[in-house]
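Chain naming here is simple, since letters A, B, ... match the order of the sequence lines and numbering starts at 1 in each. Side chains are part of it too, since the values below use all heavy atoms of this structure and drop only hydrogens, waters and symmetry mates.
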2 protein chains.
Amino acid sequence: MVSDAESAPVSAKPPVTLREVAAAAGVSVATASKALNGQGRMTAETRERIRETARRLGFRPNSLAQSLLRKRSFTVGLLTNDTYGRFSLPLMAGVSDALVDKGVSVFLCNVEDDQRLGQLHVEAMLDKRVDGIVATGKRIDRHLPVDLSNLRIPVVYAFTQPDPGAVGLVSDDAGGARLAVEQFLRLGRRRIAHVSGPASFAVVHARAGAYRDVLTENGLPAAEPLLGAWSEGWGHDAVAKLFGKAGREGWPDAVFCGNDQIARGVIDALRERGISVPEDVGVIGFDNWEIVAEATRPPLTSIDMNLASLGREAGLALLSLVDGQPAAPGIRKLPCRLVVRQSCGSPPQ
Amino acid sequence: MVSDAESAPVSAKPPVTLREVAAAAGVSVATASKALNGQGRMTAETRERIRETARRLGFRPNSLAQSLLRKRSFTVGLLTNDTYGRFSLPLMAGVSDALVDKGVSVFLCNVEDDQRLGQLHVEAMLDKRVDGIVATGKRIDRHLPVDLSNLRIPVVYAFTQPDPGAVGLVSDDAGGARLAVEQFLRLGRRRIAHVSGPASFAVVHARAGAYRDVLTENGLPAAEPLLGAWSEGWGHDAVAKLFGKAGREGWPDAVFCGNDQIARGVIDALRERGISVPEDVGVIGFDNWEIVAEATRPPLTSIDMNLASLGREAGLALLSLVDGQPAAPGIRKLPCRLVVRQSCGSPPQ
DNA sequence: CCGCTTTGAGAAAACCTTTTCCCAAATGGT
DNA sequence: ACCATTTGGGAAAAGGTTTTCTCAAAGCGG
């Protein structure tokens with residue numbers, strides 16, 4: 001049987017305060033504070049004695065008291081509406097990583113697509129005196145269900161539609177698409193098709209536009225992009241459209257897909273038709289969703305949006321805003337990265 | 001050109017304080033505080049006047065000052081080492097959802113598998129005086145790279161290995177496996193195979209154990225589970241082992257898979273062999289990872305671990321611990337749920 | 001030995017809210 | 001009219017830290 005003392009509420013003795021350190025070192029709290037912060041003037045010996053005492057007692061300053069005084073809480077809010085998505089998690093981790101080293105902690109605020117929840121979270125943030133807010137979403141071209149426009153604290157938008165005049169960071173989708181198409185060209189592919197998601201997504205147009213641009217810049221014909229859903233199923237169907245017509249010579253020798261799921265569907269459908277990847281047809285996806293990209297056969301070459309970096313940049317941008325550094329408003333696009341696996345073939349020797 | 005005044009640091013006027021409300025209403029701060037909190041005694045008219053003033057001025061109490069006084073910060077820390085995983089996100093959202101309604105905010109702490117990062121985050125939490133910590137992971141049978149055992153604040157473990165004597169919440173893997181196998185039995189399947197992940201995972205044994213139990217309870221032979229990787233590739237290979245031998249009558253008529261990726265591999269491999277799902281063979285997965293389960297053909301019946309609920313329960317458990325309610329230490333298992341799609345067939349009429 | 005500057009350290013205000021205690025006025029009972 | 005109680009509201013301390021101001025002692029030039 002465990003004694004009462006042991007099973008009692010976890011709360012042991014309260015944390016040691018600066019006052020106690022000061023008393024133990026035989027100085028005033030003012031002196032103790034200055035000693036620990038490297039401020040004020042005192043003998044090196046006094047300073048060291050206080051520091052040693054603090055160390056011995058395990059003193060850690062109460063962040064709440066500090067925040068109250070400094071008007072700086074060293075916390076920021078992270079708003080997201082992407083609960084299950086694979087986009088927000090790396091992004092969130094990036095923000096958190098960039099900030100933890102600076103002593104800044106991140107409040108996680110999942111607002112779904114619920115106005116009420118958004119309001120609730122934003123008010124909680126403001127009450128807790130966050131120094132700033134990072135707003136992220138699952139779509140670059142949609143707003144979160146909250147109004148952050150008159151907030152008195154800085155806001156940075158990452159991977160979501162920013163308010164006018166605000167700072168926004170997004171991936172450079174057009175640049176990413178260029179990487180893919182240019183890779184195909186470098187590999188000697190010439191009849192490059194594009195299969196993407198619904199026309200209602202801005203990224204679909206950004207990527208399709210770049211696809212067209214690269215091809216025309218190189219004097220090649222750009223087929224009309226095939227738009228559908230973000231699903232494997234649509235990848236299958238698109239293959240039927242592209243490779244259905246008789247006459248092998250009309251077939252594409254490369255397919256640039258709007259995301260990895262479509263690419264997966266395309267590759268599976270091609271295999272079912274006996275068309276081999278990458279020998280007959282090269283395939284490149286988008287998102288570099290590793291768990292999908294690595295499970296396709298062959299493993300999928302894809303465009304990575306560098307979401308963790310995007311998150312880090314967003315965190316740092318917010319921090320400099322908090323520090324009062326003016327930042328140019330507008331949308332900043334961060335480059336994507338080509339991750340080569342085996343679905344697009346090797347360069348001609 | 002935007003004027004300097006407009007592009008100046010976002011920080012407008014500071015938030016309105018209780019003192020200002022009191023002054024505007026012509027009372028003392030003490031009275032104002034009591035009016036807003038429903039404490040103390042005063043005329044209904046005074047109370048209402050103060051409330052109205054506060055409303056008009058947009059007063060919101062400074063949470064930092066409240067926390068300092070009440071010794072309760074209304075924040076908790078959420079530790080995770082699952083940055084890219086699909087497990088932690090629903091779990092985290094569940095924790096956050098359960099707590100936001102109670103005015104409690106959640107610090108997101110991504111510790112990867114890095115001791116230093118863990119230490120850093122835990123110290124930041126303690127400095128910020130979190131009321132408690134929820135520790136989550138990507139594996140039920142592994143510890144986070146941090147020591148939370150002597151922390152002076154309550155800790156709840158969710159989907160990760162708890163410290164001895166602590167409160168832990170995990171999914172009931174054995175129960176989930178029972179659901180799957182019993183569903184097969186209900187559908188008239190009798191030769192049920194089990195393909196799962198690496199033997200180094202505790203859940204593999206929990207699920208395999210339940211698989212065996214259900215079959216022997218029903219007087220049926222339990223084949224030795226096939227253990228491999230958590231991948232589609234292993235699903236493929238397992239089908240080769242199960243259906244490679246000649247003699248159709250030795251083949252299973254159902255495969256219970258340790259996760260959805262294996263199940264996906266199994267289904268694809270069966271289709272390639274011309275074995276139809278669910279007519280010839282039923283398949284059930286585990287995790288109910290919707291994006292995979294819905295993309296398989298046919299869509300995959302799977303076991304859902306109810307991670308959002310698990311997160312909610314963890315949040316509430318932590319809260320009651322924070323409130324001083326003693327909780328029975330030990331591991332509590334929360335039930336799984338069978339999500340029926342089309343890969344396991346319909347019940348015999 | 002005297003006035004001036006430097007040095008070392010403490011007192012107190014400030015941050016914002018809550019809560020306890022206190023006091024004056026009003027009310028009620030006789 | 002007097003005492004006891006209730007009512008309405010304020011003063012002040014508390015919570016933990018930082019920072020400004022103050023002040024005594026010591027050092028120093030003449």
Side-chain angles (χ1 to χ4, degrees), chain A residues 11 13-51 53-54 57-75 103 124 126-131 152, chain B residues 11 13-51 53-54 57-75 103 124 126-131 152:
Chain A
S11 50
K13 51 210 83 93
V16 16
T17 71
L18 184 60
R19 190 200 309 283
E20 301 174 66
V21 174
V27 296
S28 71
V29 284
T31 307
S33 171
K34 284 179 284 199
L36 297 176
N37 294 317
Q39 305 288 318
R41 286 178 319 200
M42 67 198 69
T43 35
E45 183 228 346
T46 307
R47 195 181 293 274
E48 191 43 48
R49 176 165 43 92
I50 297 174
R51 290 203 160 142
T53 311
L57 268 48
F59 169 75
R60 311 227 76 208
N62 184 328
S63 188
L64 273 57
Q66 292 182 318
S67 303
L68 191 57
L69 204 51
R70 297 190 189 160
K71 306 187 155 313
R72 185 78 198 276
S73 66
F74 289 89
T75 59
L126 293 178
D127 289 352
K128 295 198 166 108
R129 296 305 191 263
V130 293
D131 298 329
R152 162 150 76 357
Chain B
S11 50
K13 50 207 86 90
V16 12
T17 71
L18 185 60
R19 189 202 309 284
E20 300 174 69
V21 174
V27 295
S28 71
V29 284
T31 307
S33 171
K34 284 180 285 199
L36 297 176
N37 293 317
Q39 305 288 319
R41 286 177 318 201
M42 66 198 68
T43 37
E45 184 227 346
T46 306
R47 196 181 292 275
E48 190 42 49
R49 176 165 45 92
I50 297 174
R51 291 203 158 141
T53 311
L57 268 48
F59 169 75
R60 310 229 75 208
N62 184 328
S63 189
L64 274 58
Q66 292 182 317
S67 302
L68 191 56
L69 205 52
R70 298 191 190 163
K71 306 190 153 311
R72 187 73 200 276
S73 67
F74 289 89
T75 58
L126 293 178
D127 288 352
K128 296 201 164 103
R129 296 304 191 264
V130 294
D131 298 329
R152 157 147 80 4

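- Rounding to whole angstrom units, CE of residue Met42(B) and P of dA24(C) are separated by 20 Å.
- If you check every strand for non-hydrogen atoms under 4.0 Å, Ser67(B) touches nothing.
- Atom-to-atom, CG of Asn62(A) to P of dA14(D) comes out at 17 Å; the value is rounded to the nearest Å.
- Following rounding to the nearest Å, Arg41(B) (CZ) and dT19(C) (C1') show an atom-to-atom distance of 14 Å.
- For Gln66(B), the listed nucleotide lying nearest its side chain is dT18(C); candidates were dT18(C), dT18(D), dC16(C).
- Within the structure, every side-chain polar atom (N or O) of Thr17(A) is placed at least 4.0 Å from both OP1 and OP2 of dG15(D).
- Between the NZ atom of Lys71(A) and the P atom of dT19(D) there is a distance of 13 Å, given to the nearest Å.
- Listed for the Arg129(A) side chain is no donor-acceptor partner under 3.5 Å among the backbone atoms of Ser63(B).
- For Ala65(B), the listed nucleotide lying nearest its side chain is dG15(D); candidates were dT17(D), dG8(D), dG15(D).
- The residue among Thr31(B) and Val16(A) whose nearest nucleotide of DNA chain D is located toward the 5' end is Thr31(B).
- At a threshold of 4.5 Å between non-hydrogen side-chain atoms, the residues Leu18(A) and Ser33(A) count as touching.
- As rounded to whole Å, 17 Å separates atom P of dT7(C) from atom CD of Gln39(A).
- Here the side chain of Thr53(A) pairs a donor or acceptor atom with the backbone of Arg49(A) at under 3.5 angstrom.
- Residue contacts for Thr43(A): at a heavy-atom cut-off of 4.0 Å it reaches the sugar-phosphate backbone alone, with no base atom in range.
- With Lys128(B) contributing its side chain and Phe74(A) its backbone, the two residues share a donor-acceptor pair below 3.5 Å.
- Remark: P of dC15(C) and CG of Leu64(A) are 17 Å apart, rounded to the nearest angstrom.
- The side chain of Leu69(A) has dA14(C) as its nearest neighbour among dA14(C), dC16(C), dA14(D).
- Rounded to an integer number of Å, the gap from Ile50(A) CD1 to dG8(C) P is 13 Å.
- Across the protein-nucleic acid pair, Arg70(B) atom CZ and dT20(C) atom C1' stand 16 Å apart, rounded to whole Å.
- With DNA chain C read from its 5' end, the first of the two nearest nucleotides for Ala30(B) and Ser28(A) is the one closest to Ser28(A).
- In this structure, Ser33(B) reaches the bases: a heavy-atom distance under 4.0 Å links it to at least one base atom across the strands shown.
- In terms of polar N and O atoms assigned as donor or acceptor, the side chain of Lys34(A) never comes within less than 3.5 Å of the base of dG8(C) in a complementary pairing.
- Between the side chain of Glu48(B) and the backbone N or O of Glu45(B) there is no donor-acceptor pair closer than 3.5 Å.
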